[in-house]
Protein chains: 2
Amino acid sequence: MPKKRTNDTVSSVDVARLAGVSQAAVSRTYTPGASISEKMRQKVLAAAEQLGYQPNIIARSLSGKATRLIGIVMVKIGDPFYARILAAFSRKLQEHGYWSLLLNVNDDLGLEEALPQALQYQVDGIVLTSATLSSPIAARCAAMGVPVVMFNRYSLEVAVNSVGCDHAQGARDLADFLLKGGHRRMAYIAGEENSSTNQERERGFTEGLAAAGQRLFARESGDYSYAAGFDATGRLLARPERPDAIFCANDWMAIGAIDQARQSGLKVPEDLSVVGFDDAAMAAWPRYSLTTINQPIDKLVMAAVEVLVNAIESPTEDRVIKLIPGRLVVRNSARLPVGHKKSA
Amino acid sequence: MPKKRTNDTVSSVDVARLAGVSQAAVSRTYTPGASISEKMRQKVLAAAEQLGYQPNIIARSLSGKATRLIGIVMVKIGDPFYARILAAFSRKLQEHGYWSLLLNVNDDLGLEEALPQALQYQVDGIVLTSATLSSPIAARCAAMGVPVVMFNRYSLEVAVNSVGCDHAQGARDLADFLLKGGHRRMAYIAGEENSSTNQERERGFTEGLAAAGQRLFARESGDYSYAAGFDATGRLLARPERPDAIFCANDWMAIGAIDQARQSGLKVPEDLSVVGFDDAAMAAWPRYSLTTINQPIDKLVMAAVEVLVNAIESPTEDRVIKLIPGRLVVRNSARLPVGHKKSA
DNA sequence: GTGAAAGCGCTAACAG
DNA sequence: CTGTTAGCGCTTTCAC
């Protein structure tokens, strides 16, 4: 039986009594714009201090104010890359005076039940990471006037804000880079097939090849994990004719690919070029020195938070979709185009 | 000017009106133990469905009920290891019907201001990860009747629950293992010097050595990062006499140490044994195959959540401190004791 | 069982 | 400026 909180909670009434003023005065003391004399303010503050009073945000929000709570819906919080995103979000939101209500979701099914929960907490806004919103749910958010921003996901059908990296463009840049490097047999190792991120990256890559009259030489499927990259590369290398370059849907798989290649006696990039996507921390390690696309997490998150905060603080019907370019980071896991000068 | 939420929020009154019953009836419908006829229940549910009604938890909590919100205070959310901990906490808490309010803190200073914020949200409990609570703050929590559990931190002075891995014991096991392996010149690469985790691990290790009449051969300092492990090992290897085993305060540094050793032309473990702590994901990679202590994250988190939930739901003055043993995971980065049989 | 009514702690008109 | 007075949406006696 969840006992009631040890009731000695001190409320504004207690403070008012001690200070010998009205309860409203206490409220005004904690309301930025309110008109109250400095003298009274001090009296209240003194009493509050003495009692250890803290305004109750919950009660405040009940009377029509914002909760300053943002629901962050996320899958795979434990994944290092997602963790960086989450860290950036919570920090950035805190800077704007918002707090994060974390919803750890397993799959798109979990989402459908998590979101109503968040809504129950009267969140002022919702960040959706790596999950796609269904129309009916989006409609409910809209009905409650709760702005939503999707991160690294887009949906043309559902009217919802979104901010993300331009995966297709990044993949196209990678294709160009490999083409210029003289590669002719390009393979792609896919991430989870139905993730939009994977689809965008593959689309961009094949488009890039197509622009030069080329096609994918081979294709394998993985699940974004190191092991998947390792194994898929094993299959690729077992072919009668080997690819001369592999684009992995993310860095983890690319790192697995490099390890596999080396274990198979191949030199990277002399015998095989490998490129990834994300620019995870490990991509910069000397051992891998992975050529990849940097997803500017801070920039992405900042943009997403700005979109959301803006939607909260000055509501509008307009919907914004923001695509932010990634940056090609040239390291040593892929053969360089002749005459290529690496930037610092 | 934070506009008021588009007011069309549907409340229990609306539902009551539609259903033609009293507002109290709809409240009872959503109160598990309440006495209400099945017939009325259905009427209410139907009306609620039609209106898209969801009880407002905020309002409910105002009238003396729990918020079912747990404040999770964390530093370095972006660190892969902490990310796993956070993921485990949010999942486990959700299983118990609690939600996580994430407080991203920079240092112990940030803590002091973050906690009052959490308290404003009337959290039912607080999880403190990798941060130590000061007495005054702990007192405030206690005054508000908000239970706290510290994770992987202990403090004898401050009366607060805590759950964590038995770092000292783990380190002692490591020392024993290395001693049995015939090592005689043991070095320690410290993590952040003032982190209690680091202190415990060092203490355990030196105690383990002392029990066999040995002392630390060398000591370097790092900050838990790959680079720090790499560099510190460089310094260690530059000595006139090299250590024959290195215990790094965590796995990341151990991995850096291995890379450094190899780059210096040493074989691991033939020329140098390296052991770490945590059992991070990468420790299992064939390239490193790191002998380390597994921190049973799920078990630790489960225990912490249980302690907290218990403290919330059946308040007591008792304070519990739980130390959970880590498990020695023998891989190939350290020379084995003669006759040692590896378990699967 | 069910409804009426009194708060929970705070904000926001509204009069002085 | 300051105090008074309604609520915000919900739970909970208390009668019926």
Out of C:dT2, D:dC8, D:dT2, minimum distance to the side chain of B:Met40 belongs to C:dT2
C:dT2, C:dG3, D:dG9: which one has an atom nearest the side-chain heavy atoms of B:Ser22?
-> C:dG3
Evaluate the side-chain proximity of A:Val73 to A:Leu115: yes if any heavy-atom separation is below 4.5 Å, no if none is.
-> yes
Value in whole Å for how far the C1' atom of D:dT11 lies from CD1 of B:Ile58 = 15 Å
Summarise protein proximity over nucleotides 11-16 of chain C in one line of letters, 5' to 3': B for base, S for sugar-phosphate only, - for none, counting protein heavy atoms closer than 4.0 Å.
-> BBB---
Value for CZ (A:Phe89) from CD (A:Gln94), rounded to nearest 0.5 Å, stands at 13.5 Å
Whole angstrom value for the distance that separates C1' of C:dC10 from CG of A:Asp14 = 13 Å
Hey, what do you get for OH (A:Tyr121) to CD1 (A:Ile70), rounding to the nearest 0.5 Å?
-> 16.0 Å
Please round to the nearest 0.5 Å and tell me the distance separating atom CZ of A:Arg68 and atom CD1 of A:Ile312.
-> 8.0 Å
Which whole-number value in Å describes the distance from B:Ile36 CD1 to D:dT11 P?
-> 12 Å
For A:Asn56 and D:dC10, what is the distance between atoms CG and C1' respectively, to the nearest whole Å?
-> 14 Å
When rounded to whole Å, the CG to P distance for the pair B:Leu62 and C:dC8 reads 10 Å
Could you check how far CE of B:Met144 sits from P of C:dG9, rounded to whole Å?
-> 11 Å
Please give, in whole Å, the distance from D:dT2 P to A:Glu38 CD?
-> 10 Å
Checking all strands, does B:Ser35 fall into the base, sugar-phosphate, or nothing category for heavy-atom contacts under 4.0 angstrom?
-> base
Give, for atom CD1 of B:Ile72 and atom CH2 of B:Trp99, the distance between the pair rounded to the nearest 0.5 Å.
-> 12.5 Å
Whole-Å distance between D:dG9 P and B:Gln122 CD?
-> 19 Å
Under 4.0 Å: is that the gap between some side-chain N or O of B:Ser37 and OP1 or OP2 of C:dT2?
-> yes
With a 3.5 Å cut-off and no angle check, do the side chains of A:Ser196 and A:Arg153 form a donor-acceptor pair?
-> yes
Please determine if B:Arg84 and B:Asp298 form a salt bridge, counting it only when a charged side-chain N lies under 4.0 Å from a carboxylate O.
-> no
